[in-house]
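Some notes on the structure that comes next.
Throughout, a chain's letter reflects where its sequence line sits, starting with A, and its residues are numbered from 1.
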Protein chains: 2
Amino acid sequence: MKTRESDYHHGDLRQALLQAARQTLEQNGPSSLSLRELARRVGVSHAAPYRHFTSREELLIALATDGFDELTSRLRAAEKATGTLQGMGQAYVGFAVENPSLYKLMFSPELDRRRPELLAEAAAAAFGLLREQTTADDGERSGTLAAWALVHGLSQLLIDRLLSEELLAADRLPALVTAVLGHLRVEPPGNP
Amino acid sequence: MKTRESDYHHGDLRQALLQAARQTLEQNGPSSLSLRELARRVGVSHAAPYRHFTSREELLIALATDGFDELTSRLRAAEKATGTLQGMGQAYVGFAVENPSLYKLMFSPELDRRRPELLAEAAAAAFGLLREQTTADDGERSGTLAAWALVHGLSQLLIDRLLSEELLAADRLPALVTAVLGHLRVEPPGNP
DNA sequence: TTTCAATGTTGACAGTGCCTACTTTGAGGT
DNA sequence: ACCTCAAAGTAGGCACTGTCAACATTGAAA
């Protein structure tokens with residue numbers, strides 16, 4: 001690997017900032033996530049981030065978008081591996097529990113207004129997968145909606161620690177998700 | 001009503017601040033909710049709020065606590081009026097949709113750490129009602145959990161506008177909630 | 001009437017987002 | 001090999017914020 005003589009130019013500041021942001025996000029929560037702090041952490045001046053993000057909000061949006069992409073790929077993998085709604089639900093909740101602050105950020109009210117297309121698309125991709133898995137043949141979509149709401153709500157409850165703490169253990173999650181999803185009546189997308 | 005000669009003392013600054021906070025919260029979102037702005041709005045100096053709240057966070061906590069109390073009383077009313085899970089679900093989602101920013105605040109990650117007892121208690125009261133309505137006699141609680149996660153998740157999806165906008169109309173909500181809850185299998189708390 | 005704790009005010013400090021003007025650098029065209 | 005120039009980084013400043021300490025005003029209790 002080549003070491004650069006002068007480090008005036010960082011090399012890949014954008015990625016370094018995102019990475020540092022993700023780290024401090026999960027460690028200290030979203031309140032302390034300031035551009036200046038990130039710049040300090042990466043060893044760069046306080047205005048440097050503005051060469052890569054036009055505002056703090058855009059940095060957050062980039063974080064959230066990456067999050068949705070990651071969630072999508074994990075859902076896709078679970079779909080390939082198990083092909084069941086339970087499997088995808090476990091993947092969904094697993095992601096949320098492993099990245100609680102990021103998951104919260106993805107649905108943060110600070111990103112509500114002007115939610116840009118990138119974010120919307122990434123989110124739609126993730127949820128579209130769930131939709132395929134649950135669309136019934138009665139033309140109704142409420143089954144999809146119910147499943148979606150269920151995993152989303154369960155994730156939030158777990159993250160917010162409104163359930164008993166033990167349920168957060170990774171080896172307990174699959175059973176929990178299966179049990180909760182078991183209360184759902186949806187026709188599988190099979191033959192009519 | 002008596003008008004006070006000098007307005008050095010506000011009268012009920014704490015309540016006025018909370019009220020103003022709630023207003024700006026629903027109007028401009030949570031980002032612009034600053035103590036100084038509130039003080040300005042209420043016509044008081046920038047440090048006056050600190051006589052009633054030791055920090056900005058505590059102001060937010062008070063807001064959230066009030067929110068949980070309100071939600072609880074609405075759930076209680078719905079329980080008395082309808083006695084059904086659907087009725088309570090409609091009340092729950094209705095509250096969330098009518099006070100989207102407040103609802104988000106109630107589950108905001110900024111209040112995660114040190115979530116004080118008051119908040120936890122108020123939240124527990126609200127969710128305890130749901131629990132009564134769904135506890136099956138098999139000793140299992142996953143039914144309660146499923147119902148809870150369902151209304152919570154549905155509320156979030158609606159607030160975040162991840163569903164088609166028309167569903168947000170007040171007259172559409174009851175049907176939507178009923179449809180979604182219809183996909184839930186829970187034994188009513190009746191006789192064995 | 002006097003006292004005093006509760007409630008407001010002023011001024012200051014550090015931290016933040018973001019803007020403008022300046023500097024350094026590496027890559028591409030001649 | 002040189003020049004150029006846009007991309008990427010720096011320095012400084014502005015307006016705003018949360019929070020603290022010191023001071024001012026007040027209504028109500030003693």
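Residue pairs meeting the salt bridge (Lys or Arg N to Asp or Glu O under 4.0 Å) criterion with at least one partner in residues 14-25 of chain A, sequence neighbours excluded, are A/Arg22-A/Glu70. Every pair passing salt bridge (Lys or Arg N to Asp or Glu O under 4.0 Å) that includes a residue from residues 81-101 of chain B is listed here, sequence neighbours excluded: B/Arg74-B/Glu98.
Legend: residues meeting salt bridge (Lys or Arg N to Asp or Glu O under 4.0 Å) with B/Arg51, ordered by chain and number and at least two apart, are absent. Applying the salt bridge (Lys or Arg N to Asp or Glu O under 4.0 Å) test to B/Arg40 and every residue at least two apart in sequence or in another chain returns B/Glu37.
For C/dT10, neither phosphate oxygen OP1 nor OP2 lies less than 4.0 angstrom from any side-chain nitrogen or oxygen of B/Ser45.
Here A/Arg40 lies in heavy-atom contact (under 4.0 Å) with sugar-phosphate atoms only.
One side chain, A/Thr178 or A/Gln90, offers a donor N or O that lies under 3.5 Å from an acceptor on the other.
You'll find that the side chain of B/Arg36 is closest to C/dA12, out of C/dT9, C/dA12, C/dT16. Candidate nucleotides D/dT19, C/dG17, C/dG8 were compared by shortest atom distance to the side chain of B/Ala48, and C/dG8 ranks first.
Under the 30°/60° scheme for interplanar angles, the aromatic rings of A/His152 and A/Tyr92 are found to stand perpendicular.
A donor-acceptor pair under 3.5 Å links the side-chain atoms of B/Arg56 to the main chain of B/Leu33, judged by distance alone.
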Between the protein and nucleotides 19-21 of chain C, which nitrogen or oxygen pairs come in under 3.5 angstrom?
| residue | atom | partner | partner atom | Å |
| --- | --- | --- | --- | --- |
| C/dA21 | N6 | A/Arg51 | NH2 | 3.3 |

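Axis angle, first five pairs versus last five pairs of the helix from C/dT1-D/dA30 to C/dT30-D/dA1: 10°, rounded to 10°.
For the pair A/Asn28 CG and C/dT16 P, the computed distance is 12 Å after rounding to whole Å.
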